[in-house]
Amino acid sequence: MRLESATGSVVPRYLLGRHLRELREAASLSLRQAGLKLEMSASTVSRLENGESPVRSLDVEQACKVYGVDDAELIRALMDLAKETRATKAKNWLSSYADLVSDNFVLFTGLEASTSSLALYETDLIPGLLQTLEYAKSIMGDERFTGTQLDPDVLERRLEIRLNRQLILDRESGPPKLDVVLSEAVVRRRIGGAETMAGQLIHLLEMAQRPDIAIRIMPLDVEEHAGLTTGPFALLDFPPRGPLVERSGVYVDGFLGFFWADKPDEVGLLQKAWANLWEIALSDEESADFIKQRLNELQQLA
């Protein structure tokens with residue numbers, strides 16, 4: 001499966017909508033004013049900006065005229081993006097799991113597959129992109145740890161989603177740069193028993209050997225660091241699309257769902273937090289030694 005062609009139109013719709021919103025706001029037009037000039041309702045303009053529906057390239061061209069955009073290269077890039085929102089052959093691979101995932105998760109997964117770099121901070125569990133099958137099966141066995149056992153078929157399909165997401169690390173166009181900071185508790189917590197956890201740590205060490213992946217450990221005895229305030233989060237950066245500069249975003253997962261933000265002030269706060277975490281955590285080499293020490297302890301128990 002080629003992940004870059006398997007995200008469907010959800011990412012182009014999101015990106016185009018954000019660019020259209022920024023152009024409208026730069027032109028100092030309200031949704032109603034823009035709708036009047038574009039001969040469409042304010043709600044339709046809002047749906048386009050929220051990425052809720054495909055967009056015609058001619059509508060984008062007209063919007064650029066209304067918003068005072070005269071950069072031919074920028075207009076062409078936006079029109080090409082509009083064509084991607086209407087593509088039917090690039091079906092999102094998650095469409096066959098529609099009964100298991102939310103629209104928000106589909107958006108995040110598409111963005112994740114399109115990213116050029118990710119920075120992940122985790123306090124409790126190994127990040128999904130780095131989980132082994134047995135580790136993932138152990139944490140998914142119960143519905144969000146409420147004790148409700150999952151139907152075997154549902155569990156199997158959720159595992160498929162998890163493993164399919166990991167394909168971005170072997171993307172044909174090149175994997176994203178992946179930097180990870182794990183709390184010490186993540187490698188000490190014995191998920192699935194000693195054997196499963198040992199297998200997971202071996203996988204971490206193998207992945208850390210890749211030139212595009214770096215894994216660091218945050219010791220529990222560090223008294224102060226930004227993660228104590230932020231909790232787990234993921235920072236995503238995206239490659240430019242010609243003249244279109246794509247804004248970084250931040251993803252925060254929670255018990256009841258997730259939060260995605262791309263406002264510069266919000267992203268900036270977590271970028272500063274990430275810089276603090278990366279600096280304070282053990283170095284790559286020290287972290288590998290720490291994981292090896294924990295692995296040795298588990299292997300003695302297995």
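- Residue pairs meeting the salt bridge (Lys or Arg N to Asp or Glu O under 4.0 Å) criterion with at least one member in residues 29-48: none, sequence neighbours excluded.
- Each side chain to side chain donor-acceptor pair (under 3.5 Å) pair with one or both residues in residues 57-69, not counting sequence neighbours, appears once here: R56-D59.
- Formation of a donor-acceptor pair under 3.5 Å by the E84 side chain with backbone atoms of P12 is not found in this model.
- Panel note: side chain T85, backbone V55; a donor-acceptor pair is recorded below 3.5 Å.
- One side chain, S248 or D237, offers a donor N or O that lies under 3.5 Å from an acceptor on the other.
- Taking CZ of R158 as the reference point, atom CD1 of I139 lies at 11.5 Å (rounded to 0.5 Å).
- Considering only heavy atoms from C-beta on, L118 stays 4.5 Å or farther from D179 through its side chain.
- Partners of E134 according to the salt bridge (Lys or Arg N to Asp or Glu O under 4.0 Å) rule, which considers only residues two or more places apart in sequence or in another chain, are K137.
- Side-chain N/O atoms of R21 and N50 include a donor and acceptor closer than 3.5 Å.
- The main-chain N or O of L220 is found under 3.5 Å from a side-chain atom of E184 such that the two form a donor-acceptor pair.
- Taking every heavy atom of both residues into account, T230 and F233 meet most closely at OG1-CE2, 3.4 Å.
- Defined by atom type and a distance below 3.5 Å, a donor-acceptor pair is present between the side-chain atoms of W260 and Y14.
- Under the 4.5 Å side-chain heavy-atom criterion for ILVMFWY residues, no single connected hydrophobic cluster contains both V106 and V252.
- Considering every non-hydrogen atom in both T123 and P232, the closest pair reads OG1-CG, 3.4 Å.
- A 4.5 Å side-chain heavy-atom check between L48 and S53 finds at least one atom pair inside the cut-off.
- Checked against ring pair (Phe, Tyr, Trp, His ring centres under 6.0 Å), Y251 has the following partners two or more places apart in sequence or in another chain: F108, F258.
- Cluster membership check: L36 does not share its hydrophobic cluster with L38, using side-chain heavy-atom separations under 4.5 Å among Ile, Leu, Val, Met, Phe, Trp and Tyr.
- Residue M197 is grouped with residue M140 when hydrophobic side chains (ILVMFWY) are merged at heavy-atom distances under 4.5 angstrom, including chains of intermediate members.
- Between atom CD of residue E25 and atom CG of residue L31 there is a gap of 8.5 Å, rounded to the nearest 0.5 Å.
- Remark: the backbone N or O of E297 is not paired with any side-chain donor or acceptor of Q300 at under 3.5 angstrom.
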Test log, rule salt bridge (charged side-chain N to carboxylate O under 4.0 Å, His left out), inputs R76 and E73: CA-CA 5 Å; R76 173 52 56 188; E73 185 181 7; over 6 Å; no
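- For the pair V11/L15, a side-chain contact is recorded, criterion being any heavy-atom separation below 4.5 Å from C-beta on.
- Summarising the geometry of P54 relative to R13, their closest heavy-atom pair is N-CD, 3.7 Å, with the distance given to 0.1 Å.
- E122 pairs by the salt bridge (Lys or Arg N to Asp or Glu O under 4.0 Å) definition with nothing, not counting sequence neighbours.
- Looking at R162 and Y135, their side chains never come closer than 4.5 Å, going by heavy atoms from C-beta outward.
- For the pair L120 and W274, the tightest heavy-atom approach, listed with the atom from each and the gap, is O-CZ3, 3.3 Å.
- Across every non-hydrogen atom of V60 and A82, the tightest pair is CG2-CB, 3.6 Å.
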Go through it in stages, so that I can follow the logic: the residues are D212 and K177, the test is salt bridge (charged side-chain N to carboxylate O under 4.0 Å, His left out), and I'd like the CA-CA distance, side-chain angles, deciding distance and then a yes or no. CA-CA 5 Å; D212 43 69; K177 183 177 184 294; over 6 Å; no
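- For the residue pair S41/T44, the side-chain donor-acceptor check at 3.5 Å is satisfied.
- For the atom pair CG of L204 and CG of L182, the computed distance is 6.5 Å after rounding to the nearest 0.5 Å.
- Counting heavy atoms from C-beta on, the side chains of L178 and L130 come closer than 4.5 Å.
- Rounded to the nearest 0.5 angstrom, M79 CE and L74 CG are separated by 12.0 Å.
- A distance-only check finds no donor-acceptor pair linking the side chain of R190 to the backbone of G193 [under 3.5 Å].
- Two residues are said to be in side-chain contact when any heavy atoms from C-beta on lie closer than 4.5 Å; E160 and Y97 meet this criterion.
- With hydrogens and angles ignored, the 3.5 Å screen pairs no side-chain donor or acceptor of S116 with any backbone N or O of P176.
- Between atom CZ of residue R241 and atom CG of residue L16 there is a gap of 10.0 Å, rounded to the nearest 0.5 Å.
- Taking 4.5 Å as the limit, some side-chain heavy atom of F105 sits within range of a side-chain heavy atom of I161.
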One pair to check against salt bridge (charged side-chain N to carboxylate O under 4.0 Å, His left out): E49 and R24. What are the steps and the verdict? CA-CA 10 Å; E49 292 183 355; R24 175 180 60 78; 2.6 Å; yes
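- Counting heavy atoms from C-beta outward, E195 and Q299 have side chains that stay 4.5 Å or more apart.
- For the side chain to side chain contact (heavy atoms under 4.5 Å, CB included) with C64, the qualifying choice from L78, L20, D70 is L78, the only one to do so.
- For the atom pair CG (L236) and OG (S114), the distance works out to 9.5 Å, reported to the nearest 0.5 Å.
- At least one donor-acceptor pair closer than 3.5 Å links the side chain of Q166 to the backbone N or O of Q131.
- The nearest pair of heavy atoms linking V250 to L270 is CG2-CD1, 2.9 Å.
- Sorted by first and then second residue, the side chain to side chain donor-acceptor pair (under 3.5 Å) pairs with a member in residues 213-226 read R216-D284; sequence neighbours excluded.
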Report the C-alpha separation of E112 and R165 in whole Å, then their side-chain angles, then the decisive distance to 0.1 Å, and conclude whether the salt bridge (charged side-chain N to carboxylate O under 4.0 Å, His left out) test is met. CA-CA 8 Å; E112 181 183 64; R165 284 176 55 202; 2.8 Å; yes
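- Checking side-chain atoms of E22 against main-chain N and O of H19 turns up no donor-acceptor pair under 3.5 Å.
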